[in-house]
Amino acid sequence: MRVVATAGHVDHGKSTLIRALTGIDPDRLQEERERGMTIDLGFAWLRLPGGEEIGIVDVPGHQDFVRNMLAGVGGIDAVLLVVALDEGVMPQTREHLAILELLGVERGVVALTKRDLVDDDLATLARDDVRKALSATPLAAATLVEVSATTKIGLDDLVDRLQAVLGDMEPRRDLGRPRLPIDRAFTMPGFGAVVTGTLRDGYFAVGEEVEIVPGGQRARLRGLQTHRHKIERAVPGSRVALNLAGVDAASLRRGMVAVRPGTLRATSLLTARVTVLRETSRPLTHDATVKLHLGTAEVVAGVSVLDGTALAAGESGWAQLRLAEPVAALAGDRFVLRYPSPAETIGGGTVADASARRLRRRAETVAALERNASGGADEHIVSLLTMPITRAELARRLELSPADLAARIERLLVADRILALDPFLLSRDRYAQFVSGAIAAADAYHAAHPLRAGIPKEELRSALRLETKVWTPLLQRLLADEALVDRGAAIARPAHRVALGAAAEHVWTIARTKLAANETRPPSPDELGLDADTVIALAERGELVRLAPDLVLLPDSVRRLGLAIVDEAGATGRIAVSRARDVTRSSRKFVLPLLQYLDDLGITRRVGEERALVRSLSEARARLEQALTRSSPVA
Ligand SMILES: Nc1nc2c(ncn2[C@@H]2O[C@H](COP(=O)(O)OP(=O)(O)OP(=O)(O)O)[C@@H](O)[C@H]2O)c(=O)[nH]1
Ligand SMILES: [Mg+2]
């Protein structure tokens, strides 16, 4: 799933182009239609020739609405920069380009619009103008496509170029920590609160609980949509609408973030690396008041420049930002800074620490920030994590402040160099070794014991030489990654199937006939020639039910006899052991394990010498059937 946003100067034809490409009018407000101008974000989607559907965010070009543009371009994959051939590069062409660069958007296609309005000479002039404006940006090599929404020339080519730009991108990362910076919040009649945004860092699924940060409101995810289709699971990097139960839309607004509860906190103090744009007219001075745009949030911030008294045009440095209201931020997040009036984009940067640790404006502070940024300590952390250790233990072994350590751990998790096996951390490389070790041990066990469901958990643990407290979370992770599957007390490779040899199959064929012929007086496994492993294997395959160590029955017999008891009990809700013996025409010795089996399934309950039916007759019958049809795990 990919998301593209438009960018470019007012009236250059962004919305018209999106309408021509998708058939969807992104200008959804009445005021926009009346004024013929985009004011707030618009949304559309497009199926590429390759079949992939992409989301499109259409932004306003007018200088008064740059703040809305900023709320739309976070988390996008590429930009569709629009420049009208009859005007060429204009102020918001440049401002949008600067913003995209600050936010790390490095891919895109340039649409040179209104080709029908210009002759070849003017088109060439405009092209050169655009090339020059792009030259010092990440889009320097972007393809320029001349189009006209009026005559439709160039539109197919434009879509092909867009597909090419998106085609070789890595899929968006799943960090198991979904966050949706909210760009719209509204009430849908009949549904309730809905918020929309571009999903990052993880999946959301219908039914899960979400938290709104800041504020901490909780809500249940009642429904999910992408491009107006209902979905069960939203993928990172896609445009998503969340239908939330248990919150009032009036309490939600742009700038808040929907997250999995407890995974992200809001902060009012950020430490950041800031870069001031070359083209800005005013330097970023110490104690300046600016607007911070992070995600979809926009807040007033006081700047504390940590090195020196100001950052001049083109300079980078360290700063702390004191926010008038808390925002949900993580180390590594990009942001943009603007002066409020007259409005101007000054620069932006990357959050280094979102943990609200106040720093002194001293050379040592800057030196420590530089050291941290250069990554020496990160390597040290990764090297310590070749064995699973807790955060507390890691803190004891390193001379880093708690906030600094937390920020580094966060960065290393995001970079996938370490992973969390709560409460432990472990390097990704070492985890990969555990995975291959566990797979090798399970494969060896399957080869040696083809009749067994899998390697006993305890045996796998000692094969990997792990302590129990580390083993438990590691095993959970191995199972979650589907390297192994849980078969009750045993662990198996997903593809492992219990296999009887030809001889055992032959013995079983005869045994089955004997069991069928003597339903209520069955020979014991010993008498049938079935050893313990074979019995377990057959039970796994769902061909045998073990009622007691020396009592095995065919599932059909259990079904027939069990139903006879259940149906009899259905009349009064109860059945005496003697009556159960009679309706099954068996012995007390035989019927007791059968009743115990029904007890274990939660169908009956023992009351003195009687059994009481725990559920309704139809539920009881269904439950028995279910137990007999699924291949039951080894007890
Ligand atoms: N002749 C001609 N006119 C165009 C073309 N594309 C857009 N226009 C016109 O240019 C004007 C502005 O188009 P919009 O699509 O609203 O421009 P925009 O970039 O979305 O403007 P903002 O959202 O306000 O920044 C409208 O009157 C369009 O009809 C084109 O290819 N040819
Ligand atoms: Mg528009």
Side-chain angles (χ1 to χ4, degrees), residues 3-46 55-73 76 78-100 105 108-127 129-130 133-134 139 142-159 161-162 183-184 239 254 338 343 345:
V3 179
V4 166
T6 58
H9 198 73
V10 63
D11 256 357
H12 277 203
K14 296 178 290 298
S15 304
T16 306
L17 179 61
I18 296 312
R19 204 178 317 124
L21 291 173
T22 67
I24 300 167
D25 186 352
D27 286 336
R28 60 203 157 78
L29 305 177
Q30 192 182 344
E31 191 187 352
E32 291 177 326
R33 293 189 174 158
E34 279 166 13
R35 289 172 69 181
M37 175 197 277
T38 304
I39 294 167
D40 206 345
L41 302 173
F43 305 96
W45 56 93
L46 175 67
I56 298 177
V57 180
D58 181 42
V59 310
H62 194 283
Q63 58 175 342
D64 288 353
F65 309 124
V66 173
R67 50 197 292 254
N68 292 339
M69 177 269 182
L70 275 156
V73 292
I76 61 166
V79 62
L80 178 55
L81 180 69
V82 170
V83 185
L85 284 164
D86 62 343
E87 275 201 327
V89 174
M90 295 291 281
Q92 269 62 55
T93 315
R94 294 186 196 282
E95 186 168 17
H96 285 190
L97 271 171
I99 285 170
L100 292 163
V105 178
V109 178
V110 183
L112 302 173
T113 56
K114 310 196 185 184
R115 182 63 179 88
D116 57 297
L117 295 186
V118 297
D119 59 20
D120 292 354
D121 288 347
L122 201 52
T124 308
L125 221 59
R127 266 189 107 91
D129 187 27
V130 171
L134 295 177
L139 293 175
T143 309
L144 313 184
V145 186
E146 294 178 6
V147 300
S148 163
T150 312
T151 68
K152 312 276 186 235
I153 58 155
L155 296 185
D156 290 343
D157 190 21
L158 183 66
V159 170
R161 297 302 178 159
L162 206 52
D183 51 37
R184 266 187 312 163
R239 286 291 312 170
R254 176 176 288 177
R338 303 190 82 223
T345 300

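Order of listing sets the numbers, starting from 1, for every ligand and every atom in it. As the structure is a prediction and not an experimental result, all values here were calculated from the model.
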Protein contact of atom 23 (O) of ligand 1 - nearest heavy atom, named by residue and atom, plus distance: T38 OG1, 2.6 Å

Using a 3.5 Å cut-off on N or O atoms only, is K14 in polar contact with ligand 1? yes

Under 2.8 Å from the Mg ion (ligand 2), which protein N, O or S atoms do you find? Ignore water molecules. S15 OG, T38 OG1

Can you list the atoms of ligand 1 that are under 4.0 Å from a heavy atom of S15? 15 (O), 18 (P), 20 (O), 23 (O)

Minimum heavy-atom separation for D11 and K114, please, with both atom names. O-NZ, 2.7 Å

Considering distance alone, does some N or O of G13 sit under 3.5 Å from an N or O of ligand 1? yes

of all protein heavy atoms, closest to atom 28 (C) of ligand 1 is T16 OG1, 3.6 Å

Is R67 atom CZ crowded by more than 12 heavy atoms from other residues, nucleotides or ligands, each under 6.0 Å away? no

From D58 CG over to K14 NZ, what is the distance, rounded to the nearest 0.5 angstrom? 7.0 Å

Please confirm whether the backbone N or O of V109 pairs with a side-chain atom of T143, one donor and one acceptor, at under 3.5 Å? no

Heavy atoms only: which of A84, G61, A7 lies closest to atom 25 (O) of ligand 1? G61

Would you mind checking which non-hydrogen protein atom is closest to atom 3 (N) of ligand 1, with the distance to 0.1 Å? T150 OG1, 3.9 Å

Has H9 got a side-chain atom pairing as donor or acceptor with Q92's backbone, closer than 3.5 angstrom? yes

Out of curiosity, L46 CG to I24 CD1, how far, rounded to the nearest 0.5 Å? 8.5 Å

Any idea which protein heavy atom is nearest atom 31 (O) of ligand 1, and the distance to it? A149 N, 2.8 Å

Any carboxylate oxygen within less than 4.0 angstrom of a Lys/Arg side-chain nitrogen, looking at R127 and E146? yes

Does a salt bridge link R239 with D183, judged by any charged N lying under 4.0 Å from a carboxylate O? yes

Among all protein heavy atoms, pick out the one at the shortest distance from atom 16 (O) of ligand 1; state its residue, atom name and that distance to 0.1 Å. G36 O, 3.9 Å

Do D120 and R115 sit within salt-bridge range, that is, some charged N less than 4.0 Å from a carboxylate O? yes

Do any nitrogen or oxygen atoms of D116 lie less than 3.5 angstrom from nitrogen or oxygen atoms of ligand 1? yes

Is the closest heavy atom of D11 to ligand 1 under 4.0 Å? yes

Partner of L41 by side-chain contact (heavy atoms from CB on, under 4.5 Å), out of T6, V57, V73: V57

Correct closest heavy-atom pair for V89 and A133 would be CG2-CB, 3.8 Å

Taken in chain and number order and not counting sequence neighbours, the residues that satisfy side chain to side chain contact (heavy atoms under 4.5 Å, CB included) with R33 are D25

Is there a polar contact between ligand 1 and P60, counting only N or O atoms under 3.5 Å apart? no

Does E31 pair with R35 as a salt bridge, N-O distance under 4.0 Å? yes

Nearest heavy-atom pair of T38 and F65: which atoms, and what distance? O-CD1, 3.7 Å

D27 N/O under 3.5 Å from ligand 1 N/O: no

Polar contact flag for T113 and ligand 1 (N/O pairs, less than 3.5 Å): no

Starting from atom 5 (C) of ligand 1, what is the nearest protein heavy atom, named by residue and atom, and what distance separates them? K114 CG, 3.6 Å

For L117, the atoms of ligand 1 under 4.0 Å from one of its heavy atoms are 1 (N)

Can you sort out which atoms of ligand 1 are near M37, meaning under 4.0 Å from one of its heavy atoms? 24 (O)

